[in-house]
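Presented below is the structure to which this report refers.
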Number of protein chains: 2
Amino acid sequence: MTFSEENYLKAIYHLTSHSNSGVSTNAIAEMMETKASSVTDMLKKLSDKDFVNYKKYQGVSLTESGKLEAKMIVRKHRLWEVFLVEKLDFSWDEVHEIAEQLEHIKSEKLINKLDDFLGNPTEDPHGDPIPDAKGRIIAIEKQLLSELVPHQSGVCVGVKDTSSAFLKYLDKQEIALGSTIDFISKETFDLSLKIKVDGKELTISNKIASNLFVKLL
Amino acid sequence: MTFSEENYLKAIYHLTSHSNSGVSTNAIAEMMETKASSVTDMLKKLSDKDFVNYKKYQGVSLTESGKLEAKMIVRKHRLWEVFLVEKLDFSWDEVHEIAEQLEHIKSEKLINKLDDFLGNPTEDPHGDPIPDAKGRIIAIEKQLLSELVPHQSGVCVGVKDTSSAFLKYLDKQEIALGSTIDFISKETFDLSLKIKVDGKELTISNKIASNLFVKLL
DNA sequence: TTTAATTTTTAGCTTTGTCTAAAAATAAAT
DNA sequence: ATTTATTTTTAGACAAAGCTAAAAATTAAA
Ligand SMILES: [Mn+2]
Ligand SMILES: [Mn+2]
Ligand SMILES: [Mn+2]
Ligand SMILES: [Mn+2]
């Protein structure tokens with residue numbers, strides 16, 4: 001399995017994880033920042049290897065083996081992110097790029113030992129679940145802060161956007177995983193939210209709220 | 001810098017580190033398990049990028065920038081080996097292959113943080129020196145056990161052959177880095193050595209002795 | 001239901017790194 | 001000093017992964 005094949009599987013996995021229907025060539029091309037023609041070429045290759053179900057012009061989906069492969073790459077990515085944050089003291093906005101490289105290291109023994117070394121974490125630094133060695137995922141119920149109604153409270157458990165810009169914004173506002181968030185009121189004009197973060201009042205835009213996952217208290 | 005370019009630089013570095021004259025195309029081909037024609041192609045590319053001094057038919061050597069690049073790859077390789085052994089509890093015969101992959105991960109910050117996390121080790125699990133962030137190497141004086149004369153004693157500080165087979169043999173004989181070795185006598189017929197390892201008497205072949213580095217007591 | 005727009009695929013080209021086979025240069029041996 | 005052997009380089013081919021431009025299929029619009 002080449003790096004490129006692994007990256008395509010991962011992209012298809014992420015695109016199909018929420019809407020579990022087939023995914024389009026263009027959607028993959030956009031996510032991978034490549035051209036549709038390149039995607040078509042790769043889909044044929046992945047189809048020959050039985051990692052995807054592909055019929056011309058009809059979108060693509062992962063086979064069971066393709067899904068497992070994808071989950072193992074995601075597992076590696078997220079475990080390495082935990083390592084970088086917990087052991088090497090990286091901040092959560094710096095780890096994604098490095099994990100993009102580390103996720104391609106091939107050694108089952110390595111990743112399982114790393115898993116143990118980290119204490120078998122179930123979530124990565126961004127609150128995303130880490131598949132176990134068999135591909136099982138423990139999904140916690142969480143919802144977007146933007147979907148709450150005033151006077152509800154929750155704990156911040158994840159971010160939807162994991163861009164460095166967004167994560168740095170959260171650092172600046174002192175919003176972190178584990179922060180208690182009380183939803184006070186919503187402004188009807190721009191849908192911005194007045195909230196309390198660990199007791200401290202703050203106003204955030206709806207865009208921010210729709211990228212923050214909370215678990216209701 | 002591609003993985004392949006990095007591997008060539010590393011090979012040339014290792015081939016020139018002892019005999020610091022130019023190295024032949026064939027020698028590189030043999031070390032990299034590839035063909036001489038492939039080597040020639042790569043040497044042109046590395047020469048264009050000023051990593052090597054290369055003139056047709058006249059062997060090749062590293063430029064200063066090439067040597068520094070090579071050292072940084074060796075640094076990464078050896079630091080990752082320390083990580084695998086010290087933190088993840090791998091044995092010293094398992095780490096080389098994985099380090100061959102990890103040495104290509106690109107992030108200066110990562111490797112320097114890893115270095116600190118490991119306590120800035122100066123040697124890897126096989127006793128080889130780890131270049132620092134600037135490429136400096138602290139060489140300890142050591143010699144092959146096969147070069148000693150009877151009644152000399154030393155501490156085992158390194159291995160020349162790092163193959164899994166050899167390392168497993170040493171494990172079996174309970175010879176490890178740090179073991180005290182007393183050289184008792186040499187058999188004239190086959191040059192085999194009678195030694196004591198931490199007080200326990202043992203006979204080893206000359207081939208073994210010529211792959212063990214000791215520091216004289 | 002034709003036409004128009006969009007999406008997807010194909011065809012052909014490029015780069016990287018590899019290979020084999022042949023040619024050229026160097027080294028060794030008569 | 002030739003001839004022979006070895007080493008090194010070149011020439012040409014191939015697979016992987018990407019691209020552009022054109023063709024084909026599908027979807028949307030008129
Ligand atoms: Mn990530
Ligand atoms: Mn993450
Ligand atoms: Mn090694
Ligand atoms: Mn080593």
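Side chains are part of it too, since the values below use all heavy atoms of this structure and drop only hydrogens, waters and symmetry mates. Everything numeric here is computed off the predicted structure, so don't read it as measured data. Proteins come first, then strands; the chains are lettered A, B, ... in the order of their sequence lines, and each starts at number 1.
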Sugar-phosphate only, base, or nothing, as touched by A:Thr25 at under 4.0 Å among non-hydrogen atoms: sugar-phosphate
Sugar-phosphate only, base, or nothing, as touched by A:Tyr8 at under 4.0 Å among non-hydrogen atoms: sugar-phosphate
Starting at atom [atom1] of [X], determine the distance to atom [atom2] of [N], rounded to an integer number of angstrom.
X       : N      : atom1 : atom2 : result
B:Lys35 : D:dG12 : NZ    : C1'   : 17 Å
A:Asn7  : D:dA17 : CG    : C1'   : 12 Å
B:Asp41 : D:dT8  : CG    : P     : 15 Å
A:Met1  : D:dA16 : CE    : C1'   : 15 Å
B:Met42 : D:dT10 : CE    : P     : 16 Å
A:Glu33 : D:dG18 : CD    : C1'   : 14 Å
A:Phe3  : C:dT16 : CZ    : C1'   : 15 Å
A:Asn26 : D:dA25 : CG    : C1'   : 14 Å

In residues 22-46 of chain B, what donor-acceptor pairs under 3.5 Å come from side-chain atoms, sequence neighbours left out?
unit_1: B:Ser24; atom_1: OG; unit_2: B:Ala27; atom_2: N; d: 3.0
unit_1: B:Thr40; atom_1: OG1; unit_2: B:Ala36; atom_2: O; d: 3.2

Less than 4.5 Å apart, any side-chain heavy atom of [X] and any of [Y]?
X        : Y       : answer
A:Pro121 : A:Leu79 : yes
A:Leu167 : A:Glu94 : no
A:Phe51  : A:Ile12 : no

Pair B:Lys10 + B:Glu69, salt bridge at N-O below 4.0 Å: no
Presence of donor-acceptor pair under 3.5 Å, side chain of B:Ser37 and base of C:dT20: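 Per atom types, the contact qualifies.
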Any B:Thr2 side-chain nitrogen or oxygen under 4.0 Å from OP1 or OP2 of C:dT16: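 No, no such contact exists.
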Phosphate-side-chain proximity, A:Thr34 and D:dC19, N/O vs OP1/OP2 below 4.0 Å: yes
Residue A:Thr40, side-chain atoms from C-beta onward, closest of C:dC19, D:dA17, C:dT9: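 Closest nucleotide to the A:Thr40 side chain: C:dT9.
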Near-strand residues of residues 44-61 of chain A, defined as heavy-atom separation under 4.0 angstrom from DNA chain D: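 Contacting residues: A:Lys45, A:Tyr57.
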Distance under 6.0 Å and angle within 45° of ring axis: B:Lys113 vs A:Phe90: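 Judged by the rule, B:Lys113 and A:Phe90 form a cation-pi pair.
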Sole residue of B:His77, B:Lys76, B:Glu6 in side-chain hydrogen bond (donor to acceptor under 3.5 Å, both in side chains) with B:His104: B:Glu6
